[in-house]
Amino acid sequence: MRKYFSSGSGPDNSRRRFFKNLSTGLGAAALATAAFPFLSATTQNAAQDKNKKLGVALVGLGSLSKNQIAPALLKTKNCYLAGIVTGTPAKAEEWSKKYNIPKKNIYNYQNFDTIAKNKDIDLVYIVLPNSMHHEFTIRAAKAGKHVLCEKPMANTVKECEEMIAACKKAGKQLAIGYRLHFEPHNLEMKRLGQEKVFGQVKLVEAADGFRIGDPNQWRLKKDLAGGGALMDVGIYALQGCRYVIGEEPLTVTAQEFKTDPVKFKEVDETIFWQMKFPGGATASCTTSYAASTERLFASAEKGWMELRPAYGYGGIKGRTSKGEMNFPQIDHFEAQMDDFANCIQTNKPTSVPGEEGLRDLKVIEAIYKSIREGGKEVKIA
Ligand code: NAD
């Protein structure tokens with residue numbers, strides 16, 4: 001397959017220059033800056049010293065915080081790891097040493113609200129099980145902090161609305177951890193679809209699934225996770241459809257399949273769902289905790305584009321009917337956090353606000369409703 005855009009027949013001139021420059025050896029950061037405005041904000045602030053960086057408090061020191069977010073916070077230009085909130089004293093000790101976090105910036109879930117008095121903390125990043133996002137977002141807003149909340153935003157539409165209202169009342173920004181809105185390949189899919197580079201998108205096929213392990217984890221408990229594969233990773237396929245088509249779905253039909261009713265007693269294992277969009281596009285989506293799948297494909301009137309794999313932390317690969325994409329791999333969490341910190345610093349609204357998380361929960365609730373009603377077509381509120 002020939003390289004994407006290398007023939008000079010690519011979708012737009014600035015992108016062509018981007019790839020040409022890559023091959024002539026210019027720095028990736030400078031190039032990425034030219035192509036992706038959110039990275040430009042990051043670079044502009046690169047000269048800031050640590051005292052001007054925003055202080056982040058991480059709430060929940062599980063796998064994502066430990067392996068992705070904390071390492072990314074060592075690279076961010078606009079924010080740094082200033083505090084932690086944990087229910088495990090041993091983790092407090094370990095993190096305090098590893099990241100040089102002063103005792104006064106360490107909280108537990110009970111005394112978290114006293115963070116209101118802590119000037120070192122500007123924003124709180126909530127990385128807890130899904131059912132706890134609602135409570136901790138509201139408590140953080142009441143403490144006068146900006147909030148970055150992991151996906152899915154919450155377990156219900158009502159909770160999302162309450163979180164948005166709390167942040168609005170506090171005059172603080174709320175962003176959802178949709179890291180792929182800062183990832184070059186996904187941004188390109190969005191641009192190709194929304195700018196109709198290959199004409200109107202007619203069909204999207206999106207899938208995200210993996211084989212889940214430990215049967216005792218919170219992801220398999222309804223009260224903590226809100227749902228199964230759909231809430232956890234199906235949300236990426238849903239997001240992909242929404243940003244490639246650039247519209248909100250009107251209706252949904254859905255079917256659930258369960259091959260292990262013991263392991264998946266409380267939550268969904270595999271769901272297929274279909275969506276109709278106002279501009280005439282349709283989408284067919286898959287999510288699963290039983291099988292690995294990861295793809296975002298869009299067919300338009302005059303061509304197609306695809307990411308496979310599409311949503312992981314790295315190794316995303318893309319191609320179109322014109323050839324292969326050639327974008328840099330970046331740290332999604334670094335880009336996401338630097339962008340949010342920059343939005344706060346410059347008083348600019350985030351591109352991934354609570355409203356974006358709310359829209360997904362509206363579709364997710366409609367998907368579950370369709371399943372309960374035997375696959376009936378359900379209008380999205
Ligand atoms: P995890 O299980 O590894 O960590 C969860 C943390 O919450 C742990 O530190 C645990 O001690 C704490 N916790 C507090 N109360 C708990 C309770 N009652 N039950 C279980 N744990 C409790 O989970 P994770 O993979 O870090 O996921 C955390 C959040 O991040 C979830 O909302 C998940 O959807 C999201 N996530 C997002 C991405 C992404 O790519 N953006 C990736 C993974 C996870």
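Counting convention: from 1, in listed order, for ligands and their atoms alike. Here the structure is a predicted model, which means the values were calculated and not measured.
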### Task
Distance to 0.1 Å, residue and atom name: give those for the protein heavy atom nearest to atom 3 (O) of ligand 1.
Ser63 N, 2.7 Å
### Message
Which option wins on minimum heavy-atom distance to atom 13 (N) of ligand 1: Cys149, Pro129, Gly60, Gly87?
### Response
Pro129
### Query
Which part of Lys151 is near ligand 1, with near meaning a heavy atom under 4.0 Å away: side chain, backbone, both or neither?
both
### Query
Has ligand 1 got any nitrogen or oxygen that is less than 3.5 angstrom from a nitrogen or oxygen of Asn130?
yes
### Message
Contact between Leu123 and Lys145 at the side-chain level, heavy atoms closer than 4.5 Å - yes or no?
### Response
no
### Query
With distance as the sole test, does His133 use its side chain to make a donor-acceptor pair with the main-chain N or O of Leu128 at under 3.5 Å?
yes
### atom 37 (C) of ligand 1: the protein heavy-atom neighbour that sits closest, reported with distance to 0.1 Å
Glu150 OE1, 3.1 Å
### Task
Could you go through the side chain to side chain donor-acceptor pair (under 3.5 Å) check for Tyr313 and Asn67 one step at a time?
CA-CA 11 Å; Tyr313 302 143; Asn67 300 317; over 6 Å; no
### Query
Which part of Met132 is near ligand 1, with near meaning a heavy atom under 4.0 Å away: side chain, backbone, both or neither?
side chain
#### Entry: Proximal atoms of ligand 1 relative to Leu64 (non-hydrogen, under 4.0 Å)
26 (O), 30 (O), 36 (N), 37 (C), 38 (C), 42 (C), 43 (C), 44 (C)
### Query
What do we get for Val127 next to ligand 1 when only non-hydrogen atoms under 4.0 Å count, side chain, backbone, both or neither?
both
### Task
Go through ligand 1 atom by atom and flag the ones less than 4.0 Å from a non-hydrogen atom of Lys91.
9 (O), 11 (O)
### Numbering as shown, the atoms of ligand 1 that approach Arg179 to under 4.0 Å (heavy-atom distance)
39 (C), 40 (O), 41 (N)
### Query
Of the backbone atoms (N, CA, C, O) and the side-chain heavy atoms from C-beta on, which set of His133 has a member under 4.0 Å from an atom of ligand 1: side chain, backbone, both, or neither?
side chain
### Task
Verify salt bridge (Lys or Arg N to Asp or Glu O under 4.0 Å) between Lys221 and Glu266, making sure each step is shown before the conclusion.
CA-CA 6 Å; Lys221 298 189 171 35; Glu266 297 187 29; over 6 Å; no
### Message
As a check for students: among Gly177, Gly62, Ser131, identify the option with a heavy atom nearest to atom 9 (O) of ligand 1.
### Response
Gly62
### Query
Given that the side chain starts at C-beta and the backbone is N, CA, C, O, which of these parts of Tyr236 lies under 4.0 Å from ligand 1, counting heavy atoms, or is it both or neither?
side chain
#### Entry: Verdict with reasoning, Met231 to Tyr368, per side chain to side chain contact (heavy atoms under 4.5 Å, CB included)
CA-CA 10 Å; Met231 293 285 283; Tyr368 285 131; 3.7 Å; yes
### Query
Does Tyr178 have a heavy atom less than 4.0 Å from any atom of ligand 1?
no
### Message
For a quick check under 3.5 Å, do Tyr109 and Glu135 share a side-chain donor-acceptor pair by atom type?
### Response
no
### Task
For the residue pair Glu183 and Tyr311, establish whether any side-chain heavy-atom pair is separated by less than 4.5 Å.
no
### Message
Whether the Asn130 and Asn155 side chains hold a donor-acceptor pair (N or O, under 3.5 Å, no angle test) is what I'd like checked.
### Response
no
### Message
Any donor-acceptor pair under 3.5 Å linking the side-chain atoms of Lys196 with those of Gln200?
### Response
yes
### Task
Looking only at protein heavy atoms, identify the closest one to atom 23 (O) of ligand 1 and say how far it is in Å.
Trp218 NE1, 3.5 Å
### Message
Any nitrogen or oxygen of Leu128 lying under 3.5 Å from a nitrogen or oxygen in ligand 1? Just yes or no.
### Response
yes
### Task
Among all protein heavy atoms, pick out the one at the shortest distance from atom 12 (C) of ligand 1; state its residue, atom name and that distance to 0.1 Å.
Tyr109 OH, 3.7 Å
### Query
Do Leu74 and Tyr99 have side chains that get closer than 4.5 Å, going by heavy atoms?
yes
### Message
Whether the Gln255 and Gln274 side chains hold a donor-acceptor pair (N or O, under 3.5 Å, no angle test) is what I'd like checked.
### Response
yes
### Message
Distance under 4.0 Å to a non-hydrogen atom of Leu61: what atoms of ligand 1 satisfy this?
### Response
9 (O)
### Location of contacts on Arg219 toward ligand 1, heavy atoms closer than 4.0 Å
side chain
### Message
Counting only heavy atoms closer than 4.0 Å, does ligand 1 sit against the backbone of Tyr125, its side chain, both, or neither?
### Response
neither
### Task
Please determine, by modelled atom types, if Thr270 and Glu256 share a side-chain donor-acceptor pair under 3.5 angstrom.
no
### Query
What do you reckon, is NZ of Lys263 surrounded by more than 12 foreign heavy atoms closer than 6.0 Å?
yes
### Query
Got the closest protein heavy atom to atom 42 (C) of ligand 1, with its distance?
Tyr313 OH, 3.1 Å
### Closest approach of any protein heavy atom to atom 18 (N) of ligand 1, naming residue and atom
Leu224 CD2, 3.8 Å
